[in-house]
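Protein chains get the first letters and strands the later ones, always in sequence-line order, with residue 1 at the start of each.
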Amino acid sequence: MSLLETLNPEQLAAVTLPRASALILAGAGSGKTKVLTARIAWLIQTGQVGPSGVLAVTFTNKAAKEMLTRISAMLPINTRSMWVGTFHGLCNRMLRAHWKEAGLPQAFQILDTQDQLSAIKRMYKVLGIDAEKFPPKQLAHFVGAAKEQGLRPKDVDAYDEYHRMMVRLYEAYEMQCQREGVVDFSELLLRSFELLGANPALRAHYQARFKYILVDEFQDTNALQYNWLKRLAGEQGCIFAVGDDDQSIYAFRGARVANMAQFELDFNVQNRIKLEQNYRSVGNVLTAANALISNNKSRLGKELWTQAGEGEPIRVYEATSDQDEAAFVIERIKKLVLEEGFSRSDIAVLYRSNAQSRVIEQGLFNAGIAYRVYGGLRFFERAEIKHALAYLRLLDNADDDNSFSRVVNFPVRGIGSRTIEQLQDTATAQGTSLFRAIVGMQGRSQASLQKFADLIDRMRFETRGMPLPELVDKVIHDSGLIAHFEKDKDGEDRVENLKELVNAAASFSVSEGYYQDTPATMLDEEKLTTPLADFLSHASLEAGDNAAAAGQDAVQLMTVHSAKGLEFHCVFVTGLEEGLFPHENSLSTSVSGSDGGAVDGVEEERRLMYVAITRAREQLYLSHAQQRMLHGQIRYHLRSRFLDELPENVLKWLTPKRAHIASQGWSGLDNQIGWGAQSIHGNRAALSYTSKAPRPYPIGTGVNHARFGDGVVVAYEGEGEEQRIQINFGAQGMKWLMLSLAKLTKS
DNA sequence: GCGTTAGTTATTTTT
DNA sequence: TAACTAACGC
């Protein structure tokens, strides 16, 4: 069978496994998606299951789309009845089909993170809660964490006054969502989970239907996602889980690598297959990656190998400053493009945190090299788009107070905060939505509110039965949004974006509507969604591309996190400094995690570094800077421990490797740079600039301390016996020591 | 209601 | 540094 011909033995074994649960440990670049899609194709082609018996779940829409595309290329089947999507997308699909049983209105809306926050703030106003004492973000986090544990307010144990309050607020928030007919992201999962739990017939139906369940990026599943899968699969279920514990980098948002081991127990997994042959990178890159990750203790164990040659050595550069680092990267990029024939888009510059992109961007801009930064606002998150969506939502569900509040006075129609307050009071008193409370208002404010209500009602009436793109077009005009931004002198882009929304609706209409025409079973038939409802779900669940628009062939700039799953011919990993990468905030979290599971912060940072390294196909550049501007201050950092964990024989130092960071090679000039900048910014060190106290170790030099080890001198203060010295000891942290007492040696 | 200003804060991110 | 938020004043 041609389908199987291009597979290596391990891939083949995975693809053709008999019907039983299996864990596939798929290393970076080992053909994970290929295995996943070939497995589905093989199952269908050999008649073991029909398309409607397959459910495949991913984390991102991009991955889901990719999977569908590949399956369609392999098999001439209609994929509509197959459930392929994100956890949230599939849960939404289920809830739309069974909204009644799930206790939701048919036109329930989905709150994204922004919406959730404004919902909480609105609730605070009504209840008179102090946002200083209970930050909305904290409540959102609390609610999310509880839902991930499968806990409703009544199930949450509160130990102190603060937590008792959080539980009460969780309860109030839940009631508000229910009243307004909205669900947040975690609610989609929890509702779907509870729906399956409370409804045996439905559960049996889905368990019988989905004979084969496949999970991508299994190491990223959280507790609720895992339990949802378990419940959906049932006793006889068959889950094909693909993941890589070494690429688990989302513990901070609830991912539990431990689910992999738990899965093997819960599902009595007899088949664990490792995919270790790498088809992406040259040997040196893999040697470096393997060596680095071997420093992690908690691993399932796996080592990448390749048939490709060693390739070039990994180049390492020690820059004097962040500026210098950027200059190095840009010089190298020029060389790669002009002399070595790479496209700009073959090149990626990776960093640990977004703030680091600025210096690189400036450098690229000045050099006239096209670049593209990932990680900004996405299309459906833009304010003007949110406004348009709010109008659209009100057509579908007038009780959506979030949307109502967003646009009741936008564009301005003389409805001030005073009026809104009165309306809110009326609504609260009557226990209804803002929209419904309008009729109970008095006087002038009633009139202006009624005009708004009439506008919504009229748009709803006039767009009935209209094709989606036309509907959207009508709403952005009739709402006054277009006119408003046309008047605004910097509203051009916003008008453009609103028109783009019409295009988005048009392309959505042709590509989607997947579950309208093909009810796979009797139970699915209840669902009758409208194109508008589907489009609104789509807008909430798929916020769109987050890359800044730029020239076609552009250098790619992104965080290491967003680089996961991608590959580039040439990769620069920048900012390899203690405190940045590994990030200082990760050093303290040795044991945490919402479920109490052990989560080692540094181990996760190391996995992140592993992800960074394994993005490179041919050339890998690693760099760090002696000093860099951070939060408006110059900071000195030690070289990252991760650099020292790489085997020397695959590295080529472009600057001399120093035994200890900053031990030699500090020219007088370098010192002056550090000095000048410090005095400009007037920090503590600058105070001592004018003092005549002797400085046995100039700022920037390396010193050794018996207890704290190697560090870099950062600042001085005081004089004589009182004179203190500040040293950055990397992992040991930043310390102020009495100079007369500290036993320091030059390192 | 809107623009200004002072204060605050600072990984990582998808849905 | 710079981006964001909340509060203030017209």
Inset, instruction - Scan A:Leu111 against the nucleic acid and name what it touches under 4.0 Å (heavy atoms): base, sugar-phosphate only, or nothing. - result: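 If one applies the 4.0 Å heavy-atom cut-off, A:Leu111 turns out to touch nothing in the nucleic acid.
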Inset, instruction - Just call it for A:Val560: base, sugar-phosphate, or nothing, with non-hydrogen atoms closer than 4.0 Å on any strand. - result: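 Answer is nothing: A:Val560 stays at 4.0 Å or more from every strand.
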Only counting residues at least two apart or in another chain, list the ones meeting ring pair (Phe, Tyr, Trp, His ring centres under 6.0 Å) with [X].
{"X": "A:Phe729", "result": "A:His705, A:Phe708"}
{"X": "A:Tyr610", "result": "none"}
{"X": "A:Phe108", "result": "none"}
{"X": "A:Phe59", "result": "A:Phe87"}

Legend entry - salt_bridge(A:Lys32, A:Asp216) N-O dist < 4.0 Å: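 Yes, charged N to carboxylate O under 4.0 Å.
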Would you tabulate the pairs of protein nitrogen or oxygen atoms and nucleotide nitrogen or oxygen atoms of nucleotides 13-15 of chain B closer than 3.5 angstrom?
from, atom 1, to, atom 2, distance (Å)
B:dT13, OP1, A:Thr559, OG1, 2.7
B:dT13, OP2, A:Asn354, ND2, 3.3
B:dT14, O4', A:Arg253, NH1, 3.3
B:dT15, OP1, A:Asn61, N, 2.8
B:dT15, OP1, A:Asn61, ND2, 3.2
B:dT15, OP2, A:Arg378, NH2, 2.8
B:dT15, O2, A:His88, NE2, 3.4
B:dT15, O4, A:Thr113, OG1, 2.7

Legend entry - Centroid-centroid under 6.0 Å between A:Phe252 and A:His561 rings: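 Yes.
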Protein-nucleic acid N or O pairs under 3.5 Å, nucleotides 2-5 of chain C:
from, atom 1, to, atom 2, distance (Å)
C:dA2, OP1, A:Arg358, NH1, 3.3
C:dA2, OP1, A:Arg358, NH2, 2.7

Collect all protein-nucleotide pairs involving nucleotides 7-10 of chain B in which both atoms are nitrogen or oxygen and the distance is under 3.5 Å.
from, atom 1, to, atom 2, distance (Å)
B:dA10, N3, A:His631, ND1, 3.3

Inset, instruction - Take atom CD of A:Glu584 and atom C1' of B:dT12, then tell me their distance rounded to the nearest Å. - result: 14 Å
Inset, instruction - In whole angstrom, give the distance that lies between atom CE of A:Met558 and atom C1' of B:dT12. - result: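 Taking CE of A:Met558 and C1' of B:dT12, I get 15 Å after rounding.
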Legend entry - Residue pairs passing the side chain to side chain donor-acceptor pair (under 3.5 Å) test where at least one lies in residues 128-141 of chain A, sequence neighbours excluded: A:Gln138-A:Tyr162
Legend entry - C1' gap between B:dT14 and C:dA3, integer Å: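 23 Å, rounded to whole Å.
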Inset, instruction - Provide the distance between the two C1' atoms, one in C:dA6 and one in B:dT11, to the nearest whole Å. - result: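 Between the two C1' atoms, the distance is 25 Å.
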Legend entry - Partner set under salt bridge (Lys or Arg N to Asp or Glu O under 4.0 Å) for A:Arg352, not counting sequence neighbours: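 Scan of A:Arg352 (salt bridge (Lys or Arg N to Asp or Glu O under 4.0 Å), adjacent residues dropped) gives A:Glu605.
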Inset, instruction - Return the set of residues passing side-chain hydrogen bond (donor to acceptor under 3.5 Å, both in side chains) with A:Asn402 (not counting sequence neighbours), or none when no residue passes. - result: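 For A:Asn402 the side-chain hydrogen bond (donor to acceptor under 3.5 Å, both in side chains) partners, ignoring immediate neighbours, are A:Arg122.
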Which side-chain N or O atoms in residues 409-423 of chain A pair as donor and acceptor under 3.5 Å with protein atoms at least two apart or in another chain?
from, atom 1, to, atom 2, distance (Å)
A:Asn409, OD1, A:Arg413, N, 2.7
A:Asn409, OD1, A:Gly414, N, 3.3
A:Asn409, OD1, A:Ile415, N, 3.2
A:Asn409, ND2, A:Ile415, O, 3.0
A:Arg413, NH1, A:Tyr391, OH, 3.2
A:Arg413, NH1, A:Val407, O, 2.8
A:Arg413, NH1, A:Val408, O, 3.0
A:Arg413, NH2, A:Tyr391, OH, 2.8
A:Arg413, NH2, A:Ser479, O, 3.3

Legend entry - Residues forming a side-chain contact (heavy atoms from CB on, under 4.5 Å) with A:Ala131, sequence neighbours excluded: A:Tyr124, A:Pro136
Inset, instruction - Mind telling me if B:dT12 is syn or anti? Syn here is a glycosidic angle within 90° of 0. - result: anti
